[in-house]
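The block underneath contains the structure these notes are about, expressed in C-alpha cells.
Predicted, not measured: the structure shown is a model, and the values here were computed from it. Atoms within a ligand are numbered from 1 in the order they appear, just like the ligands themselves.
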Amino acid sequence: MPLETKHRILLLYASQNGQAKAIAEEIAEAADGKGFIADLYCVSQMEEFNLEKERAPVVIIASTTGVGEVPDTARKFAQKLKSDLPANFYSHIKYAVLALGDSNYCCFANGGKIIDKCLQQLGAQHFYATGYADDGVGLELVVEPWIEGLWDALKELCQKQKEEINSDAEKILDTNDVSTTNKSFELSDIELRLEANVPPTAKDSFNSSEGVEQNPIVAGLQECCLVPTWVKSEKPLSETALNIPSLPVVYLNVEFQKSTVQVCEQECFLLAPDITLFQVPVTKAISLTREDAVKTALFLELDISKTSMTYEPGDAFSIICPNSKSEVEELIQRLGLANKKNHVVEINIIPNNKKKGAHLPEYIPKRSTLQFILTWCLEIRSVPKKACLRALAEYTSDSSEKRRLQELSSKQGTADYTRYMRDHNICLLDILRALPSCRPPLSLLLEHLPKLQVRSYSAASSPKYHPGKLHFVFNIVEFPSCPEKPIKRRGVCTGWLAEQVTSMLQNYENETIISDCLSNGFELPQISIFSRHNPFFHLPAVMAAPIIMVGPGTGIAPFIGFLQHRQKQKEENPDFASGETWLFYGCRHHDRDYLFRNELKGFQDNGTLTQLKVCFSRDLPKDTTAGKPKYVQHLLHLFAEDVAKMLLDENGYFYVCGDGKNMAKDVASSLTEIVSEKLGVDTLVAMKVLADLREEKRYLQDVWT
Ligand code: FAD
Ligand code: NAP
C-alpha cells in the first residue's frame with residue numbers, strides 16, 4: 001500500500017451545547033482527506049494534551065455561554081491560561097480559533113475571545129485569523145468558509161515549518177551546531193506516516209426501517225404539514241451543480257436486545273460528579289395571566305424541604321424534562337420500530353471506523369430502551385445540522401426528496417438552510433413527515449441528534465421568606481408547528497410542565513397574594529431538578545447600597561426573591577436601613593399579564609420597594625402615544641436623573657433579567673445614553689463606565705431567550 005505523509009494537528013473544542021464539538025468533529029473527519037491527522041479533545045481533557053510541549057498547530061473551536069463566559073467544560077482550561085504564567089510561556093504555539101456566539105446577546109463570541117486573548121498574552125501566535133460565527137444569523141455562514149480557509153493556512157504553516165527545519169538541518173550539517181537538533185525532532189513529531197486511507201463507505205442500513213407501517217398518528221400529523229414550502233426545490237438552486245459535503249462517517253452500530261429492563265431516568269444526568277439531583281413535588285401551580293393574555297405565565301411552587309438543596313435569591317436551578325410523549329411515539333412509528341420500543345438498545349462503536357475520536361454518546365446510559373433514549377436523552381426537536389441532512393439523503397429513495405436534502409446540506413443551499421430549516425426550527429420529525437421516502441436507521445439519530453438539554457429557571461422566592469420552598473415562573477412557549485398551518489407546538493419543558501400541573505392549576509385572582517396554603521389531596525407531580533448557582537446575581541452585601549432592578553415579563557422572577565429577602569431582613573432587624581430599591585417592570589396589558597401585581601403592591605406598602613415603575617406595551621392609546629413609555633428602557637429615560645444618581649453617585653447596583661435577545665441590549669443602550677448625559681461624555685466613554693460597572697459586579701445581567 002502506498003505511504004502518505006500526514007501532518008498532525010491538535011484540535012480542541014470548548015462546547016456548551018455540543019455545537020463546538022460537532023464542528024470540531026467535522027474538522028477532524030475532513031482532516032484526513034486534506035493531508036492532516038487531528039488529535040481531537042475537549043479542552044476539559046487536560047490530561048490528554050500538553051500545550052507546554054505542543055509543537056503541532058493548535059486549532060480551537062470555542063462556544064460562549066451565559067453573559068459572554070467560556071463554556072462550563074472550558075473553565076479549568078481558561079483558569080490555567082489566566083494563571084500566573086510567564087509572558088512567553090506559549091510562544092512556541094501556532095494556533096487558530098473559531099469563536100462561536102450569538103450576536104443577539106451581549107458579549108458576542110466572548111468565550112473564544114477570552115481564550116484567544118489569553119493565548120496572545122502568553123506569546124502564542126495566530127497562523128490563521130480568528131473566525132467569529134454567529135448563531136443569530138446562522139453559524140455556517142462563517143464556519144464553512146473558515147474551515148475551507150483553514151486547510152490552506154495549515155498547509156502553508158506546515159510548509160514553512162518544514163522549510164525552517166530543513167534550513168536548520170542544513171546548518172547542522174554545515175556547522176555541526178547541536179543546539180538545533182530539537183527542531184529536527186519536531187519534524188518527526190508533526191509528520192506521521194500512515195497507510196493511505198480507504199475512503200469511507202456508507203453503511204447500508206435500510207434494513208432497520210424496512211416495512212414502516214402507516215399509522216393513524218403519523219397520517220394525522222402528516223396531514224397538518226402536507227407539502228411544506230421548504231420541501232420544494234426552486235430555481236436557480238434546483239438547477240445548480242451542488243458541492244455536497246462528504247458523507248459523515250457511520251460509526252455506531254445498534255442492536256436490540258430481547259430484554260426490556262429500564263434504567264432510572266436520572267442516571268443519564270448523574271454524569272457530572274458535582275451535580276446532586278433532587279426529585280421534588282410541585283405543590284402549587286397558578287396561572288398568573290388572564291386567558292386572553294398573549295402568553296400564559298405559570299407560577300409553580302416546589303417543596304424542597306425534604307432535600308438538602310439550598311439556594312439564594314438570584315440563583316437559578318435546572319429541570320430535567322422529557323420530550324413529548326406523542327412526538328416520541330410518532331418518531332418510533334416512523335422509524336418502523338414500534339415493536340422494539342421497550343427493548344434495550346445496545347450501542348457499539350463500529351470497529352475500525354474512520355470517525356475521528358469516535359465514542360459512544362455518554363448521555364445514553366447502558367441498558368436504555370428505545371423509548372427511554374428518545375424520551376430522555378436526545379433533543380429530538382433540534383434543527384438537524386447540514387451533516388445530518390447529508391446523512392439522511394443517503395437513506396432517501398425518492399430522487400426529488402433526496403435531491404432536496406442534498407441541496408439543503410450543500411454549500412449552495414446555505415441560504416435555504418437558514419431560511420427554512422433554522423428560521424422555522426424544522427426538526428427531524430418535520431423532515432420525516434414531509435419526506436416519506438426518507439427512512440433513516442436509529443444509528444443515524446444517535447450519531448446526529450444532540451443531547452437533550454436541561455432547562456433552567458430563576459428562583460422567584462427567598463428561602464428566608466418561604467422556608468423549604470422554591471418558586472419559579474415561566475411562560476408556556478408556543479409556536480406554529482409548521483409555517484403552512486399554524487397548529488401550536490409547545491416548548492419541550494414548558495409544555496411538559498404545563499401538562500403536569502393541569503389538574504392542580506389555580507387562577508391568580510385579583511385579591512390573591514400567593515400564600516403558603518397547600519394542595520388538596522391529589523397526587524402531586526414530581527420533577528427532577530438540580531441547583532444552578534449564580535455567583536454574582538445577588539443582593540449587594542452592603543445593604544444600604546441602592547438597587548435598580550429591571551425585569552419585564554418573567555424577568556421579574558429573581559426580583560420577587562430579592563424583595564422577599566429584603567422584607568425578611570427588615571422584619572428581623574427593624575433598625576436596618578436598606579438603600580433605595582427601584583423596580584422597572586413592563587408587560588403587555590395591565591389587566592392580562594401584570595405578573596405578581598398584588599405582591600408588588602404589598603412590597604410597596606410595607607416600604608420594601610421604594611419605587612415601582614411599570615409600563616404596558618400594548619395598552620397605549622392608539623391616537624397619541626407620544627410621551628407614554630412603552631418599554632422599560634423608556635421608563636429608565638423618564639427617571640434618568642434618579643437612575644444616574646443612584647448608580648454613579650451612590651455606588652448603586654443595576655440588575656437586568658429577562659429576554660436577552662432585544663430587551664437587555666436596548667436597556668444597555670439606554671443606560672449608556674443616561675450615563676453619557678449625566679457625565680457629559682461621549683458614548684464610548686459612557687460604554688467604558690458601564691464596562692467598569694460590569695467588572696465591579698454592579699451592573700449585573702441574568703438574561704436568556
Ligand atoms: P424549547 O422547546 O427549548 O424552545 C426554545 C425556544 O425555541 C423557544 O423560545 C421557541 O420560541 C423557540 N422554538 C423552538 N421551536 C420553534 C419553532 N418550531 N418555531 C418557532 N420557535 C421555536 N425562562 C422562563 O420563562 N423563566 C425563567 O425564570 C427563566 N430563567 C432562566 C434562567 C437561566 C439561567 C436560563 C439559562 C434560562 C432561563 N429561562 C427562563 C429560559 C428557560 O430555560 C427555557 O429556555 C424556556 O422556558 C423555554 O424552554 P422550552 O423547553 O419550553 O422551549
Ligand atoms: P417578554 O416577551 O420579554 O415581554 C415582556 C414585555 O417586554 C412585553 O411588554 C414586551 O412588549 C416587552 N418588550 C418587547 N421587546 C422589548 C424590548 N426590546 N425592550 C424592552 N421590552 C420589550 O416577556 P416574557 O415572555 O416573560 O419573556 C422573557 C424572556 O426572558 C423569555 O425568553 C424567558 O425565557 C427569559 N427569561 C430569562 C431569565 C433568565 O435568564 N434568568 C429569567 C426569566 C425569563 P411587546 O411584546 O408588546 O413588544
Q: Kindly indicate, with the supporting measurements, whether the criterion side-chain contact (heavy atoms from CB on, under 4.5 Å) is fulfilled by M549 and F584.
A: CA-CA 6 Å; M549 301 171 281; F584 291 91; over 6 Å; no
Q: Would you indicate which of R588, H634, K630 comes nearest to atom 2 (O) of ligand 2 when only heavy atoms are counted?
A: R588
Q. In ligand 2, which numbered atoms sit nearer than 4.0 Å to a non-hydrogen atom of N662?
A. 18 (N)
Q) In terms of heavy-atom contacts, does CD of E677 have more than 12 from other residues, nucleotides or ligands at under 6.0 Å? A) no
Q: Could you check L392 against C388 for side-chain contact (heavy atoms from CB on, under 4.5 Å), going step by step and ending with a plain yes or no?
A: CA-CA 6 Å; L392 285 172; C388 179; 4.2 Å; yes
Q. In terms of side-chain heavy atoms, does T289 have a donor or acceptor partner in T296 at a distance below 3.5 Å?
A. no
Q: Enumerate the atoms of ligand 2 whose separation from the nearest heavy atom of S617 is less than 4.0 angstrom.
A: 8 (C), 9 (O), 10 (C), 11 (O), 45 (P), 47 (O)
Q) Will you find, in the side chains of D292 and H589, an N or O donor that is under 3.5 Å from an N or O acceptor? A) no
Q. Do any N/O atoms on D702 end up under 3.5 angstrom from N/O atoms on ligand 1?
A. no
Q.
Please check this pair: side chain of S15 against backbone of A20, looking for a donor-acceptor N/O pair closer than 3.5 Å.
A. yes
Q) Is any N or O atom of V632, backbone or side chain, closer than 3.5 Å to an N or O atom of ligand 2? A) no
Q: Check each atom of ligand 1 against the heavy atoms of V473 and keep those under 4.0 Å away; list them by number with element.
A: 24 (C), 25 (O), 26 (N), 27 (C), 28 (O)
Q: Step by step, work out the side-chain contact (heavy atoms from CB on, under 4.5 Å) result for L595 and Y585.
A: CA-CA 9 Å; L595 309 183; Y585 175 71; 3.3 Å; yes
Q. Of V477, D659, D423, which has the heavy atom at the shortest distance from atom 48 (C) of ligand 1?
A. V477
Q: Record the part of R618 in heavy-atom contact with ligand 2 below 4.0 Å; permitted values are side chain, backbone, both and neither.
A: side chain
Q) F472 near ligand 1, heavy-atom distance under 4.0 Å? A) no
Q: Tell me whether the guanidinium CZ or amine NZ of R532 lies under 6.0 angstrom from the six-membered ring centre of W704 and within 45° of its axis.
A: yes
(Q) Taking distance alone, with N or O pairs closer than 3.5 Å, would you say A557 contacts ligand 1? (A) no
Q | Distance filter under 4.0 Å to G553 heavy atoms, resulting ligand 2 atoms | A | 5 (C), 23 (O), 26 (O)
Q. Where on Q453 is there a heavy atom closer than 4.0 Å to ligand 1, on the side chain, on the backbone, on both, or on neither?
A. neither
Q.
Salt bridge check, R618 against D593: does any charged N sit closer than 4.0 Å to a carboxylate O?
A. no
Q. Does M663 approach ligand 2 within less than 4.0 angstrom via side chain, backbone, both or neither, non-hydrogen atoms only?
A. both
(Q) At under 4.0 Å between heavy atoms, is it the side chain or the backbone of F474 that contacts ligand 1, or both, or neither? (A) both
Q | Heteroatom distance test (Y457, ligand 1): nitrogen or oxygen, under 3.5 angstrom | A | yes
Q) Where does S458 meet ligand 2, judged by heavy-atom distances below 4.0 Å: at the side chain, the backbone, both, or neither? A) side chain
Q.
Quick check on contacts: which atoms of ligand 1 are under 4.0 angstrom from a heavy atom of V492?
A. 1 (P), 2 (O), 50 (P), 51 (O), 52 (O), 53 (O)
Q.
Need the ligand 1 atom indices (1-based, order shown) with element for anything under 4.0 Å from a heavy-atom of N475.
A. 25 (O)
Q.
Considering both backbone and side-chain atoms of S456, is one of its nitrogen or oxygen atoms within less than 3.5 Å of a nitrogen or oxygen in ligand 1?
A. yes
Q: Could you name the option among T554, I556, D593 that has the heavy atom nearest to atom 28 (C) of ligand 2?
A: T554
Q: Would you kindly specify which portion of D659 sits under 4.0 Å from ligand 2, judged on non-hydrogen atoms: side chain, backbone, both or neither?
A: both
Q.
Going by ring pair (Phe, Tyr, Trp, His ring centres under 6.0 Å), name the residues that satisfy it together with F639, two or more places apart in sequence or in a different chain.
A. W582
Q.
Given Y655, which partner from the list Y699, F562, F536 fulfils the ring pair (Phe, Tyr, Trp, His ring centres under 6.0 Å) test?
A. F562
Q.
Is there a side-chain contact (heavy atoms from CB on, under 4.5 Å) between L298 and V473? Walk through the geometry before answering.
A. CA-CA 6 Å; L298 297 190; V473 58; over 6 Å; no
Q. Do S63 and Q19 meet the criterion of a side-chain donor-acceptor pair at a distance under 3.5 Å?
A. no
Q. Applying a 4.0 Å heavy-atom criterion (strictly less than), which segment of Q633 is in contact with ligand 2: side chain, backbone, both, or neither?
A. side chain
Q: Would you mind telling me if ligand 2 is within reach of the side chain of V703, the backbone, both or neither, using heavy atoms under 4.0 Å?
A: backbone
Q: Using distance alone, decide if ligand 1 has a nitrogen or oxygen within less than 3.5 Å of any nitrogen or oxygen in R455.
A: yes
(Q) G495 versus ligand 1: do any nitrogen or oxygen atoms come within less than 3.5 Å of each other? (A) no
Q) What do we get for N475 next to ligand 2 when only non-hydrogen atoms under 4.0 Å count, side chain, backbone, both or neither? A) side chain
Q: Look only at the side chain of R694 and the backbone of L700, and say whether a donor-acceptor pair between them is shorter than 3.5 Å.
A: no
Q.
Quick check on C657 - does any of its heavy atoms sit under 4.0 Å from an atom of ligand 2?
A. yes
Q: Report yes if R532 has an N/O atom closer than 3.5 Å to an N/O atom of ligand 1; otherwise report no.
A: no
